[in-house]
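See below for the structure under consideration.
In what follows, chains are A, B, ... by sequence order, proteins preceding strands, each numbered from 1.
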Amino acid sequence: MDNLCKNRTHNDGELTIKNVGETVELKGWCAKKRNLGSLVFIDIRDKHGITQLRCDEKTASISSSIRNEYVIYAKGVVVERESKNKNIPTGDIEVDVTELKIINTSEQPPIYITDDVDAVSENVRLKYRYLDLRRKSMQDILKLRHNITRSVRNYLDNLDFTEVETPILAKSTPEGARDYLVPSRVHNGAFYALPQSPQLFKQLLMVAGLERYYQIARCFRDEDLRADRQPEFTQIDIEMSFVDLETLYSVLEGMFRKIWKDIKGIDNLTFPRMTWNDCMNNYGSDKPDLRYDMKLIDISSIFEDSDVEFLKGKVIKAIVAKNAASLYTRKEIDGLADLAKLFKAKGLCWVKVNNDTLEGASAKLITEKERELFKEKLNYENGDLILFVADEWLNAVNAMGQIRIAVAKKLNLAKQDEYKFLWVTEFPMYEYTDDGKLQAMHHPFTAYIEDDEKYIQDEPLKVRSNAYDLVLNGYELGSGSVRIYNQEMQKKVFERIGLTDEDINYKFGFFVEALKYGTPPHMGMGFGLERIAMILAGTNNIRDVVAFPKIQSATDLMNECPSSVDDDALALLGIKVVNKE
RNA sequence: GGUCUAGUGGUGUAGCGGUUAACAUGCCUCCCUGUCACGGAGGAGAUCGUGGGUUCGAUUCCCAUCUAGAUCGCCA
């Protein structure tokens with residue numbers, strides 16, 4: 001067996017017509033065997049590619065017993081093929097095998113290793129992830145992730161950033177997402193929490209004087225999963241001291257320019273900015289997909305004096321879906337209405353434009369006089385479908401934002417290979433929870449815009465914060481903010497959300513303490529690595545860009561975690577499980 | 001926790017109130033010297049997710065449940 005552990009002379013993707021005549025030794029997996037009787041072709045595969053082995057009578061006894069996914073060794077001479085395969089780089093040659101050995105056998109694989117992903121259900125792929133990852137497309141994605149982080153590290157290293165690892169075992173924070181807890185053996189009844197983000201640590205590194213920090217940081221959130229959300233994920237985490245916001249923007253834009261240049265060869269990215277308020281008004285979303293336009297148009301003024309009760313005095317937002325009238329059946333429009341209702345709108349109005357007349361359920365709501373203004377505002381043409389919602393401002397924009405997305409999807413407006421970044425700026429500082437309590441929209445260490453200080457007491461929703469998101473193609477890539485370094489401002493922010501000194505001390509004691517010791521002005525941002533990878537890989541499923549992902553129930557189908565542990569282990573931790581499944 | 005969708009040989013699908021449960025691929029045996037998703041002949045392999053109900057009869061209809069996905073809530 002020993003000689004089977006020797007190096008191979010070549011990998012399985014590099015032999016070409018230039019190598020003809022050379023004696024080579026290859027190793028890899030049997031990807032496919034084609035048995036023509038006394039002549040057998042075997043495709044040997046490693047991470048570099050596939051080479052065809054030509055096995056005749058000399059090796060018949062071995063070749064006959066080789067099955068898919070056996071690990072094999074082949075020695076032979078590179079020869080030009082009689083019939084060539086233009087589809088693979090090694091298609092001009094084959095190896096005329098003189099020596100063939102089985103290094104390892106394989107059970108019949110539950111999945112066939114092919115790049116036709118649809119050939120296997122995702123659950124089977126996830127259960128046998130190590131086989132799934134043999135597929136070239138999956139290995140390409142792992143390399144893509146590697147290339148992203150490599151670009152990030154290269155870029156930030158050149159700008160004098162220091163990568164620092166922050167703890168995985170940390171202190172539970174009482175706000176935000178649910179924490180994953182880890183029981184302490186030494187201190188029974190006490191728990192570590194896995195970090196939701198390195199937020200507090202990176203700010204402490206600014207207090208410490210690192211000035212420029214980054215980390216490819218693993219984060220954990222015990223919340224329900226989504227197509228773009230995993231309970232553990234990786235954040236490109238960045239923080240800077242002694243810079244202004246423009247500098248931060250340009251550093252971060254430069255990082256994305258480098259990533260896209262390195263990976264896609266694209267160097268014409270632009271980074272427009274829009275305030276949160278404009279964004280909500282124009283697109284009904286704080287993460288709009290700008291690959292298509294179809295802005296929300298405000299037509300409230302047209303119906304100010306309407307006799308129709310549910311239009312009068314309401315905020316009315318409309319979209320014009322170009323040439324969509326004939327594409328939507330009544331039933332499909334009803335589906336859109338259901339969607340609008342799901343987002344708290346009371347209903348959805350629609351009209352189709354046909355020969356300059358308005359047709360459809362809502363046409364009768366619009367008087368002759370209003371029609372002129374309607375036409376002028378919306379600038380519609382024959383064949384267009386007009387959809388609008390009348391409601392309170394937030395409900396109207398939210399609902400129409402969702403309608404805009406749904407219509408764009410049906411009309412296939414977004415191009416796969418287009419990349420539209422957007423900075424969304426000036427997020428509100430505060431928001432109300434469902435039970436009527438005021439809370440910080442981002443986090444309570446975010447600085448507000450000083451001009452708005454006058455609103456804090458009486459009109460807190462008008463206070464804008466120095467928080468910003470970077471959005472790409474409808475995904476939130478990351479968010480960040482200018483942090484509070486001024487004790488007075490911090491006090492005001494805490495006070496307004498009703499935190500007493502006691503609360504503050506209990507929740508953020510060590511952190512607030514640290515900020516008292518000469519905190520420099522600082523700001524930063526965190527980006528979801530998986531979302532970046534998803535977009536670059538052209539997938540809309542985060543599991544595709546994670547080597548060993550968890551499914552919607554937060555379990556791992558391969559290693560079957562989480563799992564119960566034996567009573568001794570629990571006793572050591574002072575833990576008793578009450579409702580054991 | 002809510003809503004919607006799906007569960008049929010190893011894998012991917014079809015089907016239907018009464019079928020020998022179909023097809024492809026994979027697997028096994030045999031034939032084949034130019035294949036490359038090789039081809040040809042034959043064969044094995046499925047209590048149709050689970051439990052109840054309706055029915056003379058259920059894989060099919062109904063209810064429950066489990067599992068998976070999408071989504072709302074949630075994700076400061």
Side-chain angles (χ1 to χ4, degrees), chain A residues 31-44 50-57 60 64-65 67-69 79-88 90-91 94 96 106-128 131-132 173-179 196-197 199-200 219-231 233 335 338-339 341-344 398 402 405-406 427-431 433-434 437-446 465 467 476 479 481 493 497 507-508 528 540-541 543 550-553 555 557 581:
Chain A
K32 188 75 193 173
K33 187 169 91 167
R34 291 176 293 279
N35 189 346
L36 280 65
S38 52
L39 181 63
V40 177
F41 295 109
I42 292 174
D43 288 340
I44 187 171
I50 281 176
T51 298
Q52 177 165 286
L53 304 176
R54 181 186 192 279
C55 308
D56 57 19
E57 294 88 346
S64 66
S65 55
R67 301 286 177 270
N68 280 357
E69 300 311 317
V79 297
E80 186 169 359
R81 287 201 199 183
E82 272 180 36
S83 53
K84 297 181 177 178
N85 182 351
K86 298 291 172 208
N87 298 322
I88 56 173
T90 62
E94 64 195 1
D96 189 17
S106 169
E107 297 279 305
Q108 182 190 338
I111 61 180
Y112 179 50
I113 313 300
T114 165
D115 274 333
D116 179 9
V117 178
D118 294 332
V120 189
S121 78
E122 198 189 7
N123 283 356
V124 179
R125 289 175 51 202
L126 291 176
K127 182 169 182 188
Y128 301 95
L131 295 179
D132 191 41
T173 48
E175 300 198 351
R178 273 187 288 271
D179 287 318
Q196 298 174 24
S197 94
Q199 182 64 35
L200 298 187
C219 307
F220 306 85
R221 292 179 191 174
D222 187 5
E223 295 292 345
D224 287 349
L225 289 78
R226 285 288 187 279
D228 62 353
R229 256 162 43 189
Q230 283 273 302
F233 60 98
D338 289 341
L339 180 67
K341 285 175 191 159
L342 190 61
F343 287 86
K344 296 182 186 170
N398 274 338
Q402 295 294 327
I405 292 169
F427 271 72
M429 184 74 190
Y430 297 107
E431 64 185 349
T433 60
D434 282 339
K437 278 168 66 180
L438 198 67
Q439 67 176 13
M441 197 175 202
H442 193 52
H443 57 62
F445 311 107
T446 302
S465 72
E476 177 198 319
S479 36
S481 63
V493 170
I497 55 177
K507 292 182 173 184
F508 315 109
N540 50 19
N541 180 345
R543 293 182 297 275
K550 295 190 172 47
I551 58 170
Q552 196 162 331
S553 53
T555 56
L557 285 177
E581 279 179 20

Could you state the [atom1]-[atom2] distance from [X] to [N], rounded to the nearest angstrom?
{"X": "A/Glu57", "N": "B/C32", "atom1": "CD", "atom2": "P", "result": "11 Å"}
{"X": "A/Leu36", "N": "B/U35", "atom1": "CG", "atom2": "C1'", "result": "5 Å"}
{"X": "A/Gln199", "N": "B/A76", "atom1": "CD", "atom2": "C1'", "result": "10 Å"}
{"X": "A/Ile50", "N": "B/C36", "atom1": "CD1", "atom2": "C1'", "result": "10 Å"}
{"X": "A/Lys507", "N": "B/A76", "atom1": "NZ", "atom2": "P", "result": "14 Å"}
{"X": "A/Arg125", "N": "B/G10", "atom1": "CZ", "atom2": "C1'", "result": "17 Å"}
{"X": "A/Glu80", "N": "B/G34", "atom1": "CD", "atom2": "C1'", "result": "14 Å"}
{"X": "A/Leu53", "N": "B/G34", "atom1": "CG", "atom2": "C1'", "result": "15 Å"}

For [N] versus [M], give the span between their [atom1] atoms, rounded off to a whole number of Å.
{"N": "B/G52", "M": "B/G2", "atom1": "C1'", "value": "25 Å"}
{"N": "B/G40", "M": "B/A24", "atom1": "P", "value": "11 Å"}
{"N": "B/C27", "M": "B/A68", "atom1": "C1'", "value": "27 Å"}
{"N": "B/G53", "M": "B/G17", "atom1": "C1'", "value": "15 Å"}
{"N": "B/U3", "M": "B/U65", "atom1": "P", "value": "11 Å"}
{"N": "B/G57", "M": "B/U5", "atom1": "P", "value": "29 Å"}
{"N": "B/G18", "M": "B/G73", "atom1": "C1'", "value": "46 Å"}
{"N": "B/C66", "M": "B/A58", "atom1": "P", "value": "25 Å"}

Using only heavy-atom distances, decide whether a donor-acceptor pair under 3.5 angstrom links the side-chain of A/Glu82 to the base of B/U33. no
Practice prompt. Please confirm whether any donor atom in the side chain of A/Arg54 sits under 3.5 Å from an acceptor in the base of B/C36, or the reverse.
Written response: no
**Report entry** Verdict with supporting geometry, A/Glu122 and A/Arg543, salt bridge (charged side-chain N to carboxylate O under 4.0 Å, His left out)
**Finding:** CA-CA 10 Å; A/Glu122 198 189 7; A/Arg543 293 182 297 275; 2.8 Å; yes
Contacts of A/His443 meeting ring-ring contact (aromatic ring centres under 6.0 Å, His included) (sequence neighbours excluded), chain-then-number -> A/Phe445
Check: Would you say A/Lys84 has more than 12 foreign heavy atoms packed within less than 6.0 Å of its NZ?
Finding: yes
>> Tell me whether A/Lys127 at atom NZ has more than 12 heavy atoms from other residues, nucleotides or ligands lying less than 6.0 Å away.
In response: no
Once base and sugar-phosphate atoms are separated, protein heavy atoms under 4.0 Å mark nucleotides 40-50 of chain B, 5' to 3', with B, S and - as -----------
Main-chain N/O of [Y] paired to [X] side chain as donor or acceptor, under 3.5 Å:
{"X": "A/Gln196", "Y": "A/Ala177", "answer": "yes"}
{"X": "A/Ser465", "Y": "A/Phe427", "answer": "yes"}
{"X": "A/Arg178", "Y": "A/Asp222", "answer": "yes"}
{"X": "A/Arg229", "Y": "A/Asp224", "answer": "yes"}

Tell which nucleotide pairs with [N], taking only Watson-Crick or G-U wobble pairs whose two distances are both under 3.5 angstrom.
{"N": "B/G42", "answer": "B/C28"}
{"N": "B/G12", "answer": "B/C23"}
{"N": "B/U47", "answer": "none"}
{"N": "B/C61", "answer": "B/G53"}
{"N": "B/U5", "answer": "B/A68"}
{"N": "B/G17", "answer": "none"}

Please produce a list of atom pairs where a protein N or O lies less than 3.5 Å from an N or O of nucleotides 21-31 of chain B.
{"residue": "B/G26", "atom": "OP1", "partner": "A/Lys32", "partner atom": "NZ", "Å": "3.2"}
{"residue": "B/G26", "atom": "O2'", "partner": "A/Gln108", "partner atom": "NE2", "Å": "3.0"}
{"residue": "B/C28", "atom": "OP1", "partner": "A/Arg67", "partner atom": "NE", "Å": "2.4"}

5'-most contact on RNA chain B (nearest-nucleotide basis), A/Ile111 vs A/Leu39, goes to A/Ile111
With a non-hydrogen cut-off below 4.0 angstrom, is A/Lys344 in contact with a base, only sugar-phosphate, or nothing? nothing
Heavy atoms under 4.0 Å, any strand shown: does A/Glu107 hit a base, just sugar-phosphate, or nothing? nothing
For A/Ser65, the side-chain contact (heavy atoms from CB on, under 4.5 Å) test, sequence neighbours excluded, returns A/Ile102
N/O-N/O pairs, protein side and nucleotides 65-75 of chain B side, under 3.5 Å:
{"residue": "B/A68", "atom": "OP1", "partner": "A/Ser553", "partner atom": "OG", "Å": "3.0"}
{"residue": "B/A68", "atom": "O2'", "partner": "A/Asn123", "partner atom": "ND2", "Å": "3.4"}
{"residue": "B/G69", "atom": "OP1", "partner": "A/Gln552", "partner atom": "N", "Å": "2.7"}
{"residue": "B/G69", "atom": "OP2", "partner": "A/Gln552", "partner atom": "N", "Å": "3.3"}
{"residue": "B/G69", "atom": "O3'", "partner": "A/Arg543", "partner atom": "NH2", "Å": "3.3"}
{"residue": "B/A70", "atom": "OP1", "partner": "A/Arg543", "partner atom": "NH1", "Å": "3.3"}
{"residue": "B/A70", "atom": "OP1", "partner": "A/Arg543", "partner atom": "NH2", "Å": "3.2"}
{"residue": "B/A70", "atom": "OP2", "partner": "A/Gln552", "partner atom": "OE1", "Å": "2.7"}
{"residue": "B/A70", "atom": "N7", "partner": "A/Gln552", "partner atom": "NE2", "Å": "3.4"}
{"residue": "B/U71", "atom": "OP2", "partner": "A/Ala227", "partner atom": "N", "Å": "3.1"}
{"residue": "B/U71", "atom": "O4", "partner": "A/Gln552", "partner atom": "NE2", "Å": "2.8"}
{"residue": "B/C72", "atom": "OP2", "partner": "A/Arg226", "partner atom": "NE", "Å": "3.2"}
{"residue": "B/C72", "atom": "N4", "partner": "A/Arg226", "partner atom": "NH2", "Å": "3.4"}
{"residue": "B/G73", "atom": "N7", "partner": "A/Arg226", "partner atom": "NH2", "Å": "2.8"}
{"residue": "B/G73", "atom": "O6", "partner": "A/Asp224", "partner atom": "OD2", "Å": "3.2"}
{"residue": "B/G73", "atom": "O6", "partner": "A/Arg226", "partner atom": "NH1", "Å": "3.1"}
{"residue": "B/G73", "atom": "O6", "partner": "A/Arg226", "partner atom": "NH2", "Å": "3.1"}
{"residue": "B/G73", "atom": "N1", "partner": "A/Asp224", "partner atom": "OD2", "Å": "2.6"}
{"residue": "B/C74", "atom": "O2'", "partner": "A/Glu223", "partner atom": "OE1", "Å": "2.5"}
{"residue": "B/C74", "atom": "O2'", "partner": "A/Glu223", "partner atom": "OE2", "Å": "3.4"}
{"residue": "B/C74", "atom": "O2", "partner": "A/Arg229", "partner atom": "NH2", "Å": "3.0"}
{"residue": "B/C74", "atom": "N3", "partner": "A/Arg229", "partner atom": "NH1", "Å": "3.3"}
{"residue": "B/C74", "atom": "N3", "partner": "A/Arg229", "partner atom": "NH2", "Å": "3.1"}
{"residue": "B/C75", "atom": "O2", "partner": "A/Arg229", "partner atom": "NH1", "Å": "2.9"}
{"residue": "B/C75", "atom": "N3", "partner": "A/Arg229", "partner atom": "NH1", "Å": "3.2"}

Any side-chain N or O of A/Arg34 below 4.0 angstrom from OP1/OP2 of B/U35?
no
*Do A/Arg54 and A/Phe41 have side chains that get closer than 4.5 Å, going by heavy atoms?*
yes
When every non-hydrogen atom of A/Lys32 is compared with those of A/Tyr112, the smallest separation belongs to CD-OH, 3.4 Å
Shortest non-hydrogen pair, A/Asn68 vs A/Ala31, comes out as OD1-O, 3.7 Å
Salt bridge (charged side-chain N to carboxylate O under 4.0 Å, His left out) filter on A/Arg226, not counting sequence neighbours, yields none
Pair A/Arg34 + A/Asp43: basic N to acidic O under 4.0 Å: yes
